[in-house]
Structures are given as structure tokens and as C-alpha cells.
Amino acid sequence: MAADEAAGARPGPAAALKNVIELEIPSVAQCVKVDDTAAGIMEGRNAGMWTVAVVLSGNALGLSLEAWQALEVDEAARRKAAAYRALEGCGAHYLIDDITRLEPVLVDINRRLALGERP
């Protein structure tokens with residue numbers, strides 16, 4: 001869903017909820033919004049979804065994979081900490097380095113749903 005395909009801008013929930021409607025998902029609480037921006041995470045929260053902030057492979061870090069891999073260890077640690085700080089305040093339920101870390105989060109969300117928790 002592109003931003004211009006739904007009424008209202010992020011962090012409003014319109015685009016996220018339009019996806020729920022079009023995909024005929026029976027419960028927003030079963031949805032997970034994965035994003036690399038604070039506005040995207042707030043969109044998911046405003047829509048009533050679980051949210052996962054992707055920190056190191058997106059906007060918060062602001063580097064290509066090649067540039068990230070070329071950093072010295074100390075500089076990489078400094079930039080990683082800064083990227084996490086940039087997204088910690090957005091209200092994400094989970095923060096992960098990159099999309100390869102998503103599966104355990106989804107397992108945990110399913111566990112929480114089974115216990116009756118909601119986002």
C-alpha cells in the first residue's frame with residue numbers, strides 16, 4: 001500500500017487499516033506492522049497492530065549494507081547505538097537489527113496472542 005493510496009498521512013492508521021480490509025484479515029490484533037521509521041511504527045500502533053522497528057537495515061542507520069560492513073568496529077557500535085536510540089521512543093513492541101531477526105518475534109507474538117494478549 002503506497003501512502004497516496006489511502007486517506008490521511010502517517011502516523012494516521014489509514015494505509016495500515018486499508019491493508020487489513022483489502023486482505024480480509026479478521027482481526028487487526030493479528031497484524032504486525034514492520035517498518036524502519038518512527039512514523040511507520042506509530043501508524044501500526046494507531047491501527048492497533050503489533051509493531052516491529054527494523055533498526056540497522058533502514059532509515060535510522062541510513063547506510064547501505066556495503067557502507068555498514070565497511071565501518072570500523074567502534075564506529076559501527078556508535079552508529080548502532082544511535083540508530084536504536086532514534087527508534088526506541090516510537091513505541092515499537094519490538095526492535096530488531098534487520099529482517100532476518102523477524103521470525104523469533106513472530107513466534108513470540110503468536111505466543112502472546114495465544115495467552116490472550118493484544119497489542
Side-chain angles (χ1 to χ4, degrees):
M1 175 74 48
D4 63 350
E5 295 179 79
R10 296 189 312 176
L17 292 175
K18 188 170 180 181
N19 279 313
V20 172
I21 293 165
E22 289 190 12
L23 294 170
E24 299 179 8
I25 298 169
S27 172
V28 174
Q30 296 172 335
C31 296
V32 181
K33 170 76 167 147
V34 180
D35 209 292
D36 64 347
T37 66
I41 294 301
M42 289 185 280
E43 172 191 13
R45 291 295 303 239
N46 288 334
M49 299 175 173
W50 295 96
T51 56
V52 181
V54 181
V55 180
L56 298 184
S57 61
N59 286 306
L61 184 65
L63 296 173
S64 68
L65 177 60
E66 296 77 24
W68 168 248
Q69 291 173 332
L71 293 176
E72 297 292 329
V73 174
D74 289 346
E75 179 65 9
R78 185 186 71 72
R79 288 190 181 217
K80 179 178 181 175
Y84 267 85
R85 279 193 306 276
L87 285 177
E88 282 173 344
C90 69
H93 294 97
Y94 299 87
L95 287 94
I96 58 175
D97 284 359
D98 57 59
I99 201 73
T100 66
R101 311 283 172 97
L102 184 59
E103 186 176 354
V105 169
L106 298 176
V107 169
D108 191 56
I109 289 170
N110 281 327
R111 177 192 63 78
R112 292 174 73 179
L113 285 168
L115 293 172
E117 290 185 46
R118 295 295 177 258

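Each residue takes its place number in the sequence, starting with 1. Keep in mind that what you see is a predicted model, and the values were worked out from it rather than measured.
- Using a 4.5 Å cut-off between side-chain heavy atoms of Ile, Leu, Val, Met, Phe, Trp and Tyr, with links allowed through other members, I21 and M49 fall into different hydrophobic clusters.
- L56 contributes atom CG, which lies 5.0 Å from atom CH2 of W68 (distance to the nearest 0.5 angstrom).
- The side-chain heavy atoms of E43 and N46, taken from C-beta on, include no pair separated by under 4.5 Å.
- Around the CD atom of E72, the shell of radius 6.0 Å holds no more than 12 heavy atoms that belong to other residues, nucleotides or ligands.
- When all heavy atoms of G58 and D36 are compared, the pair lying nearest together is CA-OD2, 3.2 Å.
- Listed by chain and number, the residues in a salt bridge (Lys or Arg N to Asp or Glu O under 4.0 Å) with E24 amount to none (sequence neighbours excluded).
- Through direct or indirect side-chain contacts shorter than 4.5 Å among Ile, Leu, Val, Met, Phe, Trp and Tyr, I99 is connected to V32, V34, W50, V52, V54, Y94, I96, L102, V105, L106, I109, L113.
- Taking the charged nitrogens against the carboxylate oxygens, R85 and E88 have no contact shorter than 4.0 Å, which rules out a salt bridge.
- Cluster annotation: L71 and V73 are assigned to distinct hydrophobic clusters (Ile/Leu/Val/Met/Phe/Trp/Tyr, side-chain heavy-atom contacts under 4.5 Å, transitive).
- A pairwise comparison of heavy atoms in T51 and A92 identifies OG1-CA, 3.2 Å as the closest pair.
- Minimum interatomic distance between A47 and A16 (heavy atoms only, all atoms of both residues): CB-CB, 3.9 Å.
- Rounding to the nearest 0.5 Å gives a distance of 9.5 Å between CD of E117 and NE2 of H93.
- The two residues L87 and A38 make their nearest non-hydrogen contact at CD2-N, 3.7 Å.
- Shortest non-hydrogen contact noted between C90 and I41 is SG-CG2, 3.6 Å.
- Between R45 and K33 the shortest side-chain heavy-atom distance does not fall below 4.5 Å.
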